[in-house]
**Q** 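Submitted below is the structure of interest, expressed as structure tokens.
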Amino acid sequence: MPRNAPVNKWLTRLDRRIEAAVGHSVDRLWQHRDRGLLDESHTHLVDAHRALVQAETTVAFYRSQLNSLSSGQYPVDGALFDRIERTVGLLQDAARNRDERQTQAIAALQPVETAARHTAPRDVPNLPTPDIAALLAITQGAKLHQNLLTQQLYVVTASGTRIPYSQLQRLEEDRLVVRDTSHPVTAGQPVTLTDTGRAALTAPRPATTPGAAPAPRPGTWPAATPARR
């Protein structure tokens, strides 16, 4: 398959099993992998699933090629027979590779399924949306700074987002984040997520119904906007 061909998330036979084991969508699981929020077993599962998706994409590519060759738009001659034979061979190779990747993905999924059956639900806080947004911003890198003139404390993330110090204090009290106090605050103290913070982000969250969103706590970021009448 061409290297520059886009990789789409083709539906695999394991997607539903994966979502049942982790408690949320495959898309969200991939996002957690990219943010470095997963443990070793879940990281291995995502990597194996991505390889399976790539293999499924390759199978679909050559199957589409074969359908095109047999559509009737090409003259029936020796050149067409050669192209069909070559494409069938490539499709067979892709299917064998897909089957191997699926076996590897199943092997990576089994310990996750076992842990989900035998592990009690994690005791993680039910966070409001502003706190979730703050934690996601902190995953990209963040530091606590102090303004030398005003003495004001604030967190600045790698994306440039500012998080109020009051919100940082609350997240620390909930043991969701931790500061590296070995650095002076004037130079910037790194702020990172704790295991509880990562668990709070990766834990399944029920969908909220319109009008039932909880009111944000005072001082949370971003500030809530009043509902329109």
**Q** Quick one: closest heavy-atom pair of A94 and Y62, and the distance?
**A** CB-CD1, 4.1 Å

**Q** Over all heavy atoms of both residues, which pair between R98 and A55 is shortest? Give the atoms and the distance, please.
**A** CA-CB, 3.7 Å

**Q** Can you give me the closest heavy-atom contact between L193 and L135, atom names plus distance?
**A** CD1-O, 3.7 Å

**Q** Check the side chains of Q146 and Q151 for a donor-acceptor pair under 3.5 angstrom, ignoring hydrogens and angles.
**A** yes

**Q** Would you kindly say whether D27 and S25 are connected by a side-chain donor-acceptor distance under 3.5 Å?
**A** no

**Q** Flag yes if V156 and L144 sit in one hydrophobic cluster, no otherwise; membership is Ile, Leu, Val, Met, Phe, Trp, Tyr, and two members link when side-chain heavy atoms are under 4.5 Å apart.
**A** no

**Q** Are the side chains of T12 and Q102 in contact, using a 4.5 Å heavy-atom criterion?
**A** no

**Q** Is any side-chain N of the basic residue among R96 and D93 closer than 4.0 Å to the acidic one's carboxylate O?
**A** yes

**Q** Does D99 pair with R13 as a salt bridge, N-O distance under 4.0 Å?
**A** no

**Q** How close do T139 and L37 get, heavy atom to heavy atom, and via which atoms?
**A** CG2-CD2, 3.8 Å

**Q** If every non-hydrogen atom of W30 is compared with every non-hydrogen atom of V53, which pair is closest and at what distance?
**A** CZ2-CG2, 3.9 Å

**Q** Report yes if some heavy atom in the side chain of D180 is under 4.5 Å from a heavy atom in the side chain of Q189; otherwise report no.
**A** no

**Q** Side-chain contact test, heavy atoms from C-beta onward, threshold under 4.5 Å: evaluate it for Q73 versus S68 and give yes or no.
**A** yes

**Q** Verify the distance criterion only: is there a donor paired with an acceptor across the side chains of D39 and H42 at less than 3.5 Å?
**A** yes

**Q** Before we go on, tell me: are the rings of H32 and H24 under 6.0 Å apart, centre to centre?
**A** yes

**Q** Assess whether atom CD of E85 is packed by more than 12 heavy atoms of other residues, nucleotides or ligands within 6.0 Å.
**A** no

**Q** Under a single-linkage definition using a 4.5 Å side-chain heavy-atom cutoff for Ile, Leu, Val, Met, Phe, Trp and Tyr, are I138 and Y154 assigned to the same hydrophobic cluster?
**A** no

